[in-house]
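Heads up, the thing below is written out as structure tokens.
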Amino acid sequence: MQKRHIHRRQFPLKLRRKTVKAFSFLALCLIILAISRPLIHLTITAWQDREKLPAPPTGFLNDASRMNLTHVKEVWSVPADAKTAELQLSQLLQRAHREGLPVSIAGARHSMGGHTLNPDGLVIDMTTFNQLTLEADRNLLHVQSGACWSEIIPWLDQRGKSVKIMQSNNSFTVGGSISVNCHGWQYGCPPIASTVESFRLMRADGSIVTCSRTENPELFSLVLGGYGLFGVILDVDLQVVPNEAYRLQQAVVPVEQALETFDTMIDHPDATLAFARMNVTPDQFLQEAIINVLYRESDTDQRIPALSEPEQASLRRYIFRGSGGSAYGKKLRWQAETKLQPHLQKQCVSRNQLFNEGVEVFENRSADHTDILHEYFVPRAGLAEFVAALQNIIPRHEGDLLNVTIRQVEADQDTFLRYADQPMFAFVMLFYQSRTAAGDQQMEALTVELIDAALKVDGCYYLPYRLHATPRQFHKAYPQAEEFFALKRKYDPQELFQNQFYRKYGLDSGTP
Ligand SMILES: Cc1cc2nc3c(=O)[nH]c(=O)nc-3n(C[C@H](O)[C@H](O)[C@H](O)COP(=O)(O)OP(=O)(O)OC[C@H]3O[C@@H](n4cnc5c(N)ncnc54)[C@H](O)[C@@H]3O)c2cc1C
């Protein structure tokens, strides 16, 4: 009786054990299956990645596009000492006049259309001219124009201050940033020119002038967003703000609800930074968006976290780089950003920390492909039509869109050649393209259509990228351009300051 009883109880126990084993094995297989594909994908990406970008051959320079290899006659680095720099720079400009050499001015060379280059020209490298001083009580930074945000932010951090308006990365110089009139994700702000109090400019004849809204106001508005065509910006008085602690809120929504969600989330006095990112996976192309809003920390006891190295940089790099040329990689990235990242990121983060990330975290270092930025400015009323146009145009041209972020920019009251003559939403798009003539032609055709789509909704496009816009498109987007170039020739009659942008749109061939 007892035996039978034991026997009856043993059988289900064995069965249960077997079942548990089978399920455990199945679960393990499923886990391995689930993680093996991303693991293999990320391992291959890491394996193919290069540590560094190779330098161009001697005598040549390129810009961030890696599509503008140009032979230059000379690269001249500005001495760090201001007095020596001013003397030697004026001598250099005189020599360039005498020898008939075109002069271009280079910051970090992250523009992408040869804006810092002339074939066989003379290049002034500003990056060695980078000293900083602060008038803390006036929130005013005096900065030499070659200083990079990556040098400025840690320095300001130690003094409790932060940059007021800048790009979303720290790899750019002040001179380059104000010469393109950059903007960022600082909500409710115009572009950076609004934070420039004044600057000193060395003109083509070697004279130095101070420019502000009251002193030489015409030159002030021409040089800001003037692409280095009016002289060398020596130093700048730039407004700064206190560093602060922020907390992030995110929402993932279908694209039709994105604007309404954004409006609700931003409608808060502590909302300070904001951007949206769209899903770029081919099967959900631009149909979903993550809205990110950073709010000023209301808990006054909350200490501002110390500045540290960017977190999980390698993992984020491989996830991002693995999305180039891969639908699976794009899907993985979207899942990581919407499902994993919210659990990994810190609750409280400093303003300086958010601004202090270099482009190295995601830059393309492959030999045969490059990443090319585009940017379109669209007024609110044109948003739906423009997004529908993107959904149609990009797949039709087989454009490999890696990323699109959307930010809000207020109207620009300061620059002559302006892209935001009314409040705009900026679509910042990063495309992966082959570094061949065919790849560039494909991108040109895509760009021309995208610019037309922006123009159709009373929008504009950004000038520091590839020079694919036709002269007709350029003049339509920038109706002030003809007068801008006429004034360039008034201030620089010998056209000493030149670059590829000027050669394409400013010289005769560029007239409408
Ligand atoms: C990965 C990436 C992300 C970007 N993100 C953003 C963004 O979020 N927002 C945005 O608005 N832009 C963005 N940009 C564009 C960027 O702001 C511009 O390309 C900017 O010019 C970069 O600064 P730079 O120091 O590299 O300038 P450079 O490319 O070196 O120079 C740009 C122009 O400024 C002129 N110039 C430079 N220094 C001086 C000087 N001292 N005096 C006179 N003229 C000068 C040059 O002649 C040139 O015409 C991005 C670019 C890249 C590659």
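All values derive from a computational prediction rather than experimental measurement. Values below: all heavy atoms of this structure, side chains included; hydrogens, waters and symmetry mates excluded. For ligands, and for the atoms within them, numbers begin at 1 and follow the listed sequence.
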Checklist line | Closest heavy-atom pair and its distance - Ala469, Ile451 | finding: CB-CD1, 3.5 Å
Next item on the list: Under 4.0 Å, heavy atoms only, figure out whether ligand 1 is touched by the backbone of Ile105, its side chain, both or neither.
Entry: both
Item checked: Interfacing atoms of ligand 1 (cut-off 4.0 Å, heavy-atom, Arg109) -> 26 (O), 28 (P), 29 (O), 30 (O)
Check: For atom 32 (C) of ligand 1, what's the nearest protein heavy atom and its distance?
Finding: Ser111 OG, 3.8 Å
Next item on the list: Would you check whether Asn181 has a nitrogen or oxygen atom less than 3.5 angstrom from a nitrogen or oxygen atom of ligand 1?
Entry: no
Margin query: Within the 4.0 Å heavy-atom shell around Ala106, which atoms of ligand 1 are there?
Written below: 30 (O)
Margin query: What protein heavy atom lies closest to atom 36 (N) of ligand 1? Include the residue and the distance to one decimal.
Written below: Ser179 OG, 3.5 Å
Margin query: For ligand 1, which is the ligand I care about here, please tell me if Cys182 has any N or O atom under 3.5 Å from one of the ligand's N or O atoms.
Written below: no
Margin query: With a cutoff of 4.0 Å, is Phe501 in contact with ligand 1, counting heavy atoms of the residue only?
Written below: no
Notebook entry, point to check: With a 4.0 Å heavy-atom cut-off (strictly under), which part of Gln498 contacts ligand 1: side chain, backbone, both or neither?
Noted result: neither
Next item on the list: Consider every N or O of Met126 and every N or O of ligand 1, then say whether any pair is closer than 3.5 Å.
Entry: no
Margin query: Counting the benzene-type ring for Trp, do Phe377 and His183 have ring centres under 6.0 Å apart?
Written below: yes
Next item on the list: Carefully, step by step, assess Tyr465 and His374 under the rule ring-ring contact (aromatic ring centres under 6.0 Å, His included).
Entry: CA-CA 6 Å; Tyr465 304 132; His374 290 207; 7.8 Å; no
Notebook entry, point to check: Which pair of heavy atoms, one from Val359 and one from His110, lies closest together, and at what distance?
Noted result: CG2-CE1, 3.6 Å
Check: Can you find an N/O atom of Ile233 closer than 3.5 Å to an N/O atom of ligand 1?
Finding: yes
Check: Which ligand 1 atoms are under 4.0 Å away from a heavy-atom of Arg407?
Finding: 7 (C), 8 (O), 9 (N)
Next item on the list: With heavy atoms of Leu373 as the reference, note each atom of ligand 1 found under 4.0 Å away.
Entry: 1 (C), 2 (C), 3 (C), 4 (C), 50 (C), 51 (C), 52 (C), 53 (C)
Note to self: Is there a polar contact, in the sense of an N or O pair closer than 3.5 Å, between Gly107 and ligand 1?
What the structure shows: yes
Next item on the list: Check whether any heavy atom of Ala426 sits under 4.0 Å from an atom of ligand 1.
Entry: no
Checklist line | Proximal atoms of ligand 1 relative to Val359 (non-hydrogen, under 4.0 Å) | finding: 1 (C)
